Every structure is written in C-alpha cells, then in structure tokens.
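Scope of the values below: all heavy atoms of this structure, side chains included, with no hydrogens, waters or symmetry mates. Below, chains carry the letters A, B, ... as their sequence lines are ordered, and counting in each starts from 1. What you see is a predicted model, and the numbers here were worked out from it, not measured in a lab.
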Amino acid sequence: MNSLSRRRFLKITGFSIGAAAAATSLNGVVKGANKIQDKTGQLPKGIQKIPTTCDICFWQCGAIAYLRDGKLWKIEGNPDDPLSNGRLCPRGTGGIGTVPDTDRLRAPIIRKGERGNEKWVEVTWGEALDYVAAKMKKIKTEYGPESMAMFSHGIGGTFLKHMVKAYGSKNIAAPSFAQCRGPRDVGFELTFGDIVGSPERVDIKNSKCLVLIGSHLGENMHNTQVQEYAHAIENGMTSIVVDPRFSVAAGKAKHYLPIKPGTDTALLLAWMHVIVKEGLYDKEYVTKHGFGFEQFKAHVNQYTPEWAYPITGIEPEQIRESAREMAKHAPATIIHPGRHTTWYGNDTQRLRSVALLNALLGSWGRKGGYYYQTKLDIPAYPYPEYPHSEKSAADNPDGKYPFASSTLSTGLRDATISGNPYPIKGWMVYATNLMQSLPNRDETLKAIQNLDLLVVVDVVGSEIAGYADVVLPESVYLERFDDLNTPMFKEPFVTFRQKVVDSPSDQKPNYWIAKKLGEKLGLKKYFPWNDIEDYLRTRAESAGLDYDELKRTGVAKGVKVPINEEEGAEQVFYTPSGKIEFYSSQLAEAGFDPIPTFEAPDEAPAGYFRLLYGRAPVHTFSKTQSNKLLREQMPENELWVNVNVANRVGLKNGDYIKLKNQDGTISNKIKVKATERIRPEVVYMVHGFGQRSKMMKSTYMKGASDSYLLSKYNTDPLMGGTGLGNNFVTFEWEV
Amino acid sequence: MARFGMVIDTKKCVGCQDCVIACKTENDVPDGCSRDWIVTETNGKFPNLNMEIRTERCNHCDNPPCVSCCPTGASHVHDVGNVVLVTHEKCIGCKACHEACPYDARFVNPAGYADKCTFCIHRTEKGEETACQAVCPTHCIYFGDLDDPNSEVSILLNSRKNHKLIPEAGTKPRIFYLT
C-alpha cells in the first residue's frame, strides 16, 4: 500500500492530516471579533457593510462588501479573516466588477444547430433543466450513471458535485490536479507523507530565506503569501530566484539565477550535492527523521556544480554561494513548492527534489519553513449515502499512473475519446473554461463530439460554453451563498459567503441549480434542506457555531494549536517508513527512480522559441478578463521577447505578431514587449487571453492564448500530470 | 498645521495595481481614468538588472505649479494637510494645470473638471488611511505628517535611503520613494 492510499484512508476516517497536533478542539470556538462598524460604532448614512467571502480566485479571502444607497460600492478585506488580514488583492478589490459585467450570461440557453456555432435559443429554467435531466436519465439508462462526468473548479462546485455523486458517478475532476498542483502534492507526499495543500503550508512570514523556482510571487497574487513575502522582506529576509525571466520577485532577490528552462532538477541536485558535500545540512534532523539518507548521499555525490553548469547555464560558484545562503538561514529557509507545477512531464521528481532540499535544511515542521496545517472541523451535512458503483473511475484505468491521488481531468477526456474503460457520454462543466484549462484543444473538441450532453454552468459565456448543448447562467459570488469555507491553514477558521446584492437578470446560484436538477432526476432525498440557509445553519450548528453570529461577522475562529516544532508540534510523517523518504521504496517498487535524477527537456527545433506562460496580478485564469475594472488594468497580454532577439528579427515594442507552434497551430495576434527581462531562447505571455467565444464581446480575440499553442504535453508517468513546457513557437508575420 | 506626505517602500511594492483599483472604487473614478498608476523602471543588461517598481500619483507639491497657473483658483492648497485639491465648480477645464504638472498627474473628468489624487482627503481628514494605503497587500504605502518628526513617514525618511521624482522641476514633491 503506498502512502497516498494511506493518506486517503486517514482522510476518510476523519483524522486530521499532518500531525496529531493539528486536531482542533471545537469547544473553545472564538467568535469573530469584528463589529463591522467604524471606530465610533456608527456607519455613515446610506452605507451598509456585509461580510462575505471573495471568490475571484481559489484563495477565498474573507471580505466586507459595502453598499451605498443600496447599490454595490466597494469591497475590502475582512480584518478578522486570517487569509486577507483586511486587505484583498487587486482582483478581489476589483471583484465588484463581476456584477455589472456586460458579458454575463443572462438566461438559460439551448444550442440550435451544430455544436460550437454559438447559435442559441433562450429558454426558461424549467425548460433548460428538463432538457438536462432527460439527457442525464437517458445516459444513465443506456450506459450507467458513471458515463456522466463532471469538471469543476472552486468551492461553488460543491452542490453540483454532490448532485452528480448522488446520481451515481465518481468521474469528477478538476484541472487543478493534472494541469496544476498535482506533481507538487504527490512529490511532497512521497517524501513527507503529506501534501502541500492550498493555501500552501509555507510560513513565509517568519522565513529568513525564500527560494522561488519559476514561481513569480507578486505577479501571482496569492494574497496571504504576498503579504507575508513583503513582511519578511521588511524584516530582512533574503531571497533566491530561479527563473528564465527576470520576474518581479527576481528584482527583489539577493541571488537571481537566470536558468535555462527545463533544467531546474539539475540545479536542485547540484544544490543538494553542495549542501551534503560541505556538511551544511541539518544533521540532527536528518538523522532523526530521514530514511535512506546514506543511499541519497551516495547518489547526489555525482551532481557537482560543474556537472550542472553546462546544463543549467548557472556558474558553479553561483550554485555554491546560493546553496550556502539557503543553508545559512536554515531551518527558516523555504524552497517554495510553487503551485502550477506541470512543466515538463517529469515534474513529480522535480518537486520531490524540492521536497528533499527542504528536508536537508530541516525546514519541514519548523518555524519559517513548512508548518503543520490545522482546520476547523465542521461535520458534513448529514446526507444519505451515495449509491454504490461497481465501476472504478474512468480516468486512470488499471492504475496506469500509480501515484495519481485525484481524478485526472485529461484521463476523463481520454476515456471520452476512446470509450475505454467505458464510454463517457455526458459532461457537466462548472466554472472551468476547459478550452483554456486543458492542453491540446483538438483533443477536447474530439471528446466533445462523442458526447450526448455537454452542460456548462458559468457566469460568463466562456469558450467551453460556446460548445455546450445547454448553458446555465450562474449568479456571481456577490449574489449568492456558498458552502462554508474551512481551509487548512495556520489557524482553524471558517469564512461565510452570503448574498450581497440580487442577480441582475435570470441568473441562479449553483445550489439552486443543483437542487432543482437533482429533484428532476428523482434525487430529492439528497436535497432535504429547503433553502441554502437551512443547509448552512445545520452545518454551522453541528459544529457548535452560532449561525447568526457567523453571518453577522463573516469569520469564526477555532483555538490555535502548535504548528511547528518550535511551538511544540510533533513531527509526523505518513510515509511507509514513517520518516522523510530520501530514498523511496514505493517508487522503486513501482519501477521509478527512488531518488530523483535529471532528465533533459525536449530541445527546441531550429528557429523556434520555448513558450513560457504565467500569471498577472489583475487576472485569474481566463475568468476575469471581461470584468471592466480588471480589464482596464490589463486588456490584453503581451509577448515578452528578449530585446536583442527582437532587434535581430525586426520587432519592436508595441508591434503585433502571431505565433506558430511546432504543430502548425497559429495564435491570435499579440503585442510585443521587447525587454531585457528574459532569456533569448524563450518567449513568455500571461495565461488566459485570446478568447474565441463570440459571447465574450469585451475580450473576443484580445491578446493570444498560450493554451491554444500548448498542443503538445508530456505526461508525468507517476501521476498523469500534463507537462506543458515543451511547446515551441516561431514568429508568424502577418500577410 | 500638518503637511501630509506619502512614503512608498519600493523594496516591498510588487506593482500589483491594487492601489489603482481601490482608488477607482473608493473615489468613483470614471472608466478609462486613474488617479494613481504603476511605473516599473529597469536598468542594466540581462541578467544583471536592477528594477524599481513604484506606485505614482499627484505629488501634492509644496510649490505646486498647478495652483499658481490656475486662472480661476479652482486648483488650491487645502487647509487640512496642505493637500492640493481642485474645486470642481470653479474649474473651467482649460488644462493649464495639465501642462504645468511635471508628473502628468491630472486628467479631465468626463464631467468637465481637472481630476487627480486627493490624498483621500475625505478619509485622511478624519484620521483614516488613504484607500490605496489601506488596500496595499504589501503595506508599502505610508502616509502622514511630514512636519511631525515622530510620524511614521518622518521616521522612515530619516532612517532609509529615498528619492523624489523629478526634483529638478523645483516643485518640492511630497511623495518619497524608499530604495
């Protein structure tokens, strides 16, 4: 039994993950202290404050929405919320622009004519849900309930996922595993026996040295982390940034390592070589908690900085100096795990190297390193049991990817195309634009052609909605309640999302859609609550919380527990050896390298540049571009090109150019940013632009889409993640 | 009497534009217009680069050319904090102040008057933070009385290296950038 299964077992049986110390008492729940009033206790005339939870991204910050004369005015962080600390990120601050977004879906629509031609008939909710229910019943009768799959992103998918499980399918996936966090969570779990989680369990606030590898904190606005990062900078934290692009974080780093893309594992191995060779590792910690260290030590002996130099382009002395720097501050040194980690197809081993370097420095479970997460334990709603299915999930037949610990979105797509291990005939897609979130658009289109039903629930007419049979318009987060949000974090707490304003047209909240559709499918017993507040009150009160108080304050906190060794937490590793696995027997048994090795990335064809992509602070994926407040700050993306390359090929700042990838796919035109801030053999763009749905009038064809150029993906043999960094582009001059 | 000024720590600023958006919602700044903005200045050759990221706005100068050039007295120095403000009703939209301002801090509000940062006077005169300061996830914006030696801004200016924008224009700007 591998550690992943063990962890799943622990999760099912209700143990807290991580350490025994993370178990949280429910007895001493501290009520939110914020009184939602100004200093004098009075609000100005016409002003109302309503606490809620932001949903502009997955971070889920506690917020306070302001109404002025009954109309939405602004939104701020809730000072009682441990994630926002009273300050939202730019997307959160601009979140009020989601309500008047002119590209919002206004009423349910059903396709007329071919899929993807975007010709629609507006229907009533009754007609739309009858249509979906009839198709779902047909799929169940003809193929079985497992042939209905769901793709979902975010907490808003909770009730629809529940409905699909009650219907009888476990084929529910989020692209956030196989296209994003998967390799990181699996790499860390193989090493420490636990995942990194979200929010990442990094104590940047108390860190003395932060190492970012391709992670561009400050451009990705993971709110709490950016706050802690700035706080730590003020306190003198040093940082080491490894990136082919001179990121914002690179501009603040003591050591900037302009690495050749795809060679990070070579650098990591060389760093570990230096730290072991020079005896800079935490010997007591490694002796006490490590498993297989002697084999590891012998293995990394070969990876000298001189070996890594021609591979990475980083001078041996710079490798040594940066290794010494991180050792100097250990254990308050964090080699950050990043978040979007599906890069080259061997990513789990890269992230295992990241985990092992942290292990050498003793940062796991230590102040200023990785902390033991805790969570407010609120019991699930007492639903009846879901129906039992004989069939296992369709995404990973025969355990092809033995360490996949979540459902693979691309695996469900494969099953839809091939009909193996059994046909998938229906997709429900909630709040994830699969045309941009999955690589290789042609495969997504091929899968869609095999479907009897494609239903999309979203707030705007995203590109995947353009291919749907039925599109159901959802209320945005400021117009709805959602399930209670209880993240794993430094302290246990819950935040509450509630309706601030009415939806402007015929949009409905996800829970309403799920309940109504469930009832039409004969699943009434799975929706015993009358309205959402019944449901929320039941859950809150089952945990001993005062529901009305939670609604009034937006946040309730549990009792803090020790989260690191310094505070008295016990180190616990849910690995097969019960220790930190420098050598992984379960990897060896499954035929993989038990200690990471370096595998070179694919080479660019002559005349091509490697395509890299990332985040901007004002947008979330392809979800926010139609929000006027955010669009105004960044209406299109730019193509970063090294200034010398631009001069050589005759491109200048502000020119528009198309890109062609190695498979002949041609992008929209994109504005050139000729800059010193990038290596010459790569180009870079922010993800989420170049949208091609005609329903997205404000963003249609603005900028280029990296996703459309990511036709090639290298699949991680451990866990099925899709490495996207082996795509190459050349300039396609406009004719 | 107080002399309001701002100190911005460029070591902490990540250029996320939160200050820009918060200003827009707080002050109902019209579409397409901004009272503050981000500047990223990069020097050197890859990979040996230096970068400064700044949030910029009206400098509320001690010697404000926008006030001295205003034909109607709309642009004026407010009695609280010496903040430079525009009386909308008096402004005729002649743009003389736009020409005079070395920082390009002003725009014409669609309603017809010169518009710019007010140091959130509706908040700061009650002792509250400016909207940009209150929202900043990096806490890189400090605000206070430059004439008070014990204010946070004065202490920062006395203890950290800093610079002003276009000092040679002689306007005596009151926004300082820590480096």
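Residues of residues 137-161 of chain B lying under 4.5 angstrom from chain A, judged on non-hydrogen atoms, are B:P137, B:T138, B:H139, B:Y142 by number. Residues of residues 5-33 of chain B lying within less than 4.5 angstrom of chain A, judged on heavy atoms, are B:T10, B:K11, B:K12, B:C13, B:V14, B:G15, B:C16, B:Q17, B:D18, B:V20, B:I21, B:A22, B:K24, B:T25, B:E26, B:D28, B:D31, B:G32, B:C33 in numerical order. Taking non-hydrogen atoms and a 4.5 Å limit, the residue list of residues 641-648 of chain A in contact with chain B is empty. Residues from residues 46-73 of chain B that place a non-hydrogen atom less than 4.5 Å from a non-hydrogen atom of chain A comprise B:F46, B:P47, B:L49, B:M51, B:I53, given in numerical order.
Proximity to chain B (any heavy atom under 4.5 Å) is restricted, for A:E76, to the side chain, taken from C-beta onward. For A:Q633, the parts lying under 4.5 angstrom from a heavy atom of chain B are both the backbone and the side chain. Interface residue B:A134: only backbone heavy atoms are found under 4.5 Å from chain A. For A:R91, no part sits under 4.5 Å from any heavy atom of chain B, backbone or side chain. Contacts of A:P244 with chain B are made by backbone atoms alone, with heavy-atom separations under 4.5 Å and no side-chain atom involved. If you measure heavy-atom distances from A:L88 to chain B, the contacts under 4.5 Å come from the backbone alone. When heavy atoms are compared at a cutoff of 4.5 Å, A:I96 approaches chain B solely by way of its side chain, counted from C-beta outward.
Around atom NZ of A:K208, no more than 12 heavy atoms belonging to other residues, nucleotides or ligands sit under 6.0 Å away.
Taking all atoms of both residues into account, the shortest heavy-atom contact from B:C136 to A:R87 is O-NH1, 2.7 Å.
Ranked by heavy-atom pairs shorter than 4.5 Å toward chain B, the options A:E219, A:Q227, A:H231 are led by A:Q227. Interface summary for chain B: among A:C89, A:G251, A:A616, A:G94, the most heavy-atom pairs under 4.5 angstrom belong to A:C89.
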